[in-house]
There are 2 protein chains.
Amino acid sequence: MFVRSAADASSPLHSLRELGLNTDSNPIISLNEFTYKKGSEVYGEKEPAEYVYQVKRGAVRSYKLLSDGRRQIGAFHLAGDIFGLENGSSHRFTTEAIVDTTVRLVRRQSLELVAQDDAMVARNLLSMTTSNLQHAEDHMLLLGRKTSLERVAAFLMEMDQRLTAAGIMALPMSRRDIADYLGLTLETVSRALSRLHELGILGFIGNNQRQIVLLDRPQLASLDLQN
Amino acid sequence: MFVRSAADASSPLHSLRELGLNTDSNPIISLNEFTYKKGSEVYGEKEPAEYVYQVKRGAVRSYKLLSDGRRQIGAFHLAGDIFGLENGSSHRFTTEAIVDTTVRLVRRQSLELVAQDDAMVARNLLSMTTSNLQHAEDHMLLLGRKTSLERVAAFLMEMDQRLTAAGIMALPMSRRDIADYLGLTLETVSRALSRLHELGILGFIGNNQRQIVLLDRPQLASLDLQN
DNA sequence: CGGGCACTTGATGCCCATCAATACGTGTGG
DNA sequence: CCACACGTATTGATGGGCATCAAGTGCCCG
């Protein structure tokens, strides 16, 4: 979802500006900020979709649950990403802050009003929804047809693109989160990471199991079969 | 994708009309028809997206392949459904006719031109893309977290809604297609259907293994855990 | 009418889930 | 500051669900 480089994330309003939400020219639209504590819910599935969010700092997971507790995470939202853009009256995922997270928020209604008149804004809403769709389509292939090692390799390459800074990838999410994103168990994720470590494809920084260095991106890429 | 009743399918232009593509008022846009033979490709992944399609008669599968041949079907397109709406310059799936299939087609460029000026058309493009996204999101949960029996039950309920006429569901697709849609093998799909048959939940019409009658929808629904 | 494709059903195997034990890191309170 | 508790991760042992391999049936289509 929203593939975005570190550079993008560092220019904070990038994505909302893309939507045409320039506060100078659109005084109607207010960009409020809010901070969620680690683990707290931003919104629940089926709640009315009142706001659209952009991650300023932190990370968010959005997921669906089965009645017996099985969880599928559909996406992780990192700095710069926009989420909660449902384009329907209610949210289709539950979202939670993975770590302490600050978001900007915009009333959905404001967005729709602007999109009504501004073709450019409408176009950008469509292109963001299409990005989300493309991510979901690729993820269906992963969930339906890839092995555990391929899934973990694909995950690392996705995160490498989205949050590596200075060669170090600092994952905000736990093994369980990764597992629920990849349709695996946390043990299987852990074993796959250990295996990649043994193979010399990745290393851990110090004793922090969430700080990872990719030592051999080509070999990692070769483990995940091309689309 | 595009949940649609038999009644909808019988009013042929329903969906393209929704898009605002009324040929009377938009003489620019021509609605051509074309028929694809069973098994033939409509377009390939990464080909430039020149047309948008609507199924008039027949059925279409859209899928992605891994380099070693593993296949994931992302959606089935039945009578009335619109597909190929990529909103980018190239297609993200390969699509093939499952049976002999007639489609209407519209130049993508025409659509974009109209959407430029007509907010209503733009709105409908967005809402169709959102429908596709919602289907993909639900399918991620199925692929990542449901058991084989749950998947097959969910498949039957989806198809029941979309193509049951006179109480009979006539599936156009093979067991292999169903398997590649559900992230299973064809044997597992077959066993699940046999099991549902034994349980008295479904019956087959005559000796045609693709004509199914649902005998106990409530029980079928109970096998697939609520979202 | 014959050949082959689609489907079912059975036997076996393997990958990943589950169950379990241990280690480690972090935060807390005495 | 250290003991302790708890959450997170790793690693090992075992099991199960689905994949794979295989055989047989029936039907569609040439």
Side-chain angles (χ1 to χ4, degrees), chain A residues 37-39 61 66 68-72 96 98-100 142-153 155-156 170-199 202-212 223, chain B residues 37-39 59 61 66 68-72 98-100 142-153 155-156 170-199 202-212 223:
Chain A
K37 284 239 173 68
K38 172 179 174 174
R61 59 181 167 246
L66 293 177
D68 63 357
R70 280 174 285 174
R71 182 177 70 158
Q72 180 62 45
E96 290 171 356
I98 295 175
V99 294
D100 291 358
L142 179 150
L143 293 171
R145 289 299 180 219
K146 292 186 180 176
T147 66
S148 63
L149 198 63
E150 289 167 349
R151 294 179 200 210
V152 171
F155 170 76
L156 289 173
L171 299 175
M173 71 289 284
S174 68
R175 298 292 187 260
R176 171 168 293 280
D177 287 337
I178 298 171
D180 286 347
Y181 179 58
L182 299 178
L184 300 169
T185 61
L186 64 93
E187 292 94 331
T188 297
V189 170
S190 179
R191 278 183 244 272
L193 289 171
S194 297
R195 182 122 167 267
L196 294 172
H197 190 201
E198 287 165 20
L199 291 170
L202 62 81
F204 294 96
I205 307 294
N207 289 326
N208 187 331
Q209 295 127 326
R210 296 193 187 179
Q211 294 189 353
I212 293 177
L223 292 178
Chain B
K37 286 237 172 69
K38 171 177 174 173
R61 57 180 169 248
L66 292 176
D68 63 357
R70 279 174 285 173
R71 182 177 70 158
Q72 179 63 45
I98 295 176
V99 293
D100 291 359
L142 178 150
L143 293 170
R145 289 298 179 218
K146 291 186 180 177
T147 66
S148 62
L149 198 63
E150 289 166 348
R151 293 178 200 212
V152 171
F155 169 76
L156 290 173
L171 299 175
M173 70 289 284
S174 69
R175 298 291 188 262
R176 171 168 292 280
D177 287 337
I178 299 172
D180 286 348
Y181 179 59
L182 299 178
L184 300 169
T185 61
L186 63 92
E187 293 94 332
T188 298
V189 170
S190 179
R191 277 184 244 271
L193 288 171
S194 296
R195 183 123 164 267
L196 294 173
H197 190 200
E198 287 166 19
L199 291 170
L202 62 82
F204 295 97
I205 307 294
N207 288 328
N208 189 329
Q209 294 128 328
R210 296 192 188 179
Q211 293 189 353
I212 293 176
L223 292 179

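Quick caveat: nothing in here was measured; it's all calculated off a predicted structure. Letters go in sequence order (proteins before strands), and every chain restarts at 1.
Scanning both residues, B/A192 and B/V152, for their nearest heavy atoms gives CB-CG2, 3.6 Å.
Contacts of B/G206 with the nucleic acid, taken as non-hydrogen atoms under 4.0 Å apart, are absent. Residue A/G39 is classed as having no contact, given no heavy-atom separation below 4.0 Å to the nucleic acid.
Nucleotide D/dA9 holds its C1' atom 12 Å from the CD1 atom of A/I212, rounded to whole Å. For B/I178 and C/dC7, the CD1 to C1' distance is 11 Å, given to the nearest whole Å. Rounded to an integer number of Å, the gap from A/D180 CG to C/dA17 C1' is 13 Å. One interatomic measurement links the two molecules: CZ of B/R175 to C1' of D/dA19, which rounds to 18 Å at whole-angstrom precision. Spacing between atom NE2 of B/H197 and atom P of C/dT8 amounts to 11 Å, rounded to whole angstrom units. In this structure, the CG atom of A/L184 is 16 Å from the C1' atom of D/dA9, given to the nearest Å. Atom CZ of A/R176 and atom C1' of C/dT18 are 12 Å apart (whole Å). Distance CG (A/N208) to C1' (D/dT10): 15 Å, rounded to an integer number of Å.
The closest side-chain heavy-atom distance from B/R145 to B/E150 is not below 4.5 Å.
For B/R191 against D/dG17, no side-chain N or O and base N or O form a donor-acceptor pair under 3.5 Å. With hydrogens and angles ignored, no donor-acceptor pair under 3.5 angstrom links the side chain of B/Q209 to the base of D/dC27.
Residue A/T188 places its side chain closer to C/dC16 than to any other of D/dT10, C/dC16, C/dT9. Listed candidates were C/dT9, C/dC16, D/dC18. Nearest to the side chain of A/S148 is C/dC16. Among the nucleotides C/dG25, D/dT11, D/dA19, the one closest to any side-chain atom of A/S190 is D/dT11. Proximity note for A/L186 (side chain, C-beta onward) versus D/dA9, D/dT10, C/dC16: the nearest is D/dT10.
Contact between the side-chain N/O atoms of B/S194 and the OP1/OP2 oxygens of C/dT9 is found at a separation under 4.0 Å. The side chain of B/R210 contributes an N or O atom lying less than 4.0 Å from OP1 or OP2 of C/dC7.
Heavy atoms of other residues, nucleotides or ligands lying less than 6.0 angstrom from CZ of A/R70 number more than 12.
The main-chain N or O of B/L171 is never found under 3.5 Å from a side-chain atom of B/R210 such that the two would form a donor-acceptor pair. Under a 3.5 Å cut-off, the side chain of A/R175 and the backbone N or O of A/E187 do not form any donor-acceptor pair.
Along DNA chain C, the nucleotide nearest to A/N207 and the one nearest to A/E187 differ in position, and the one closer to the 5' end is contacted by A/E187.
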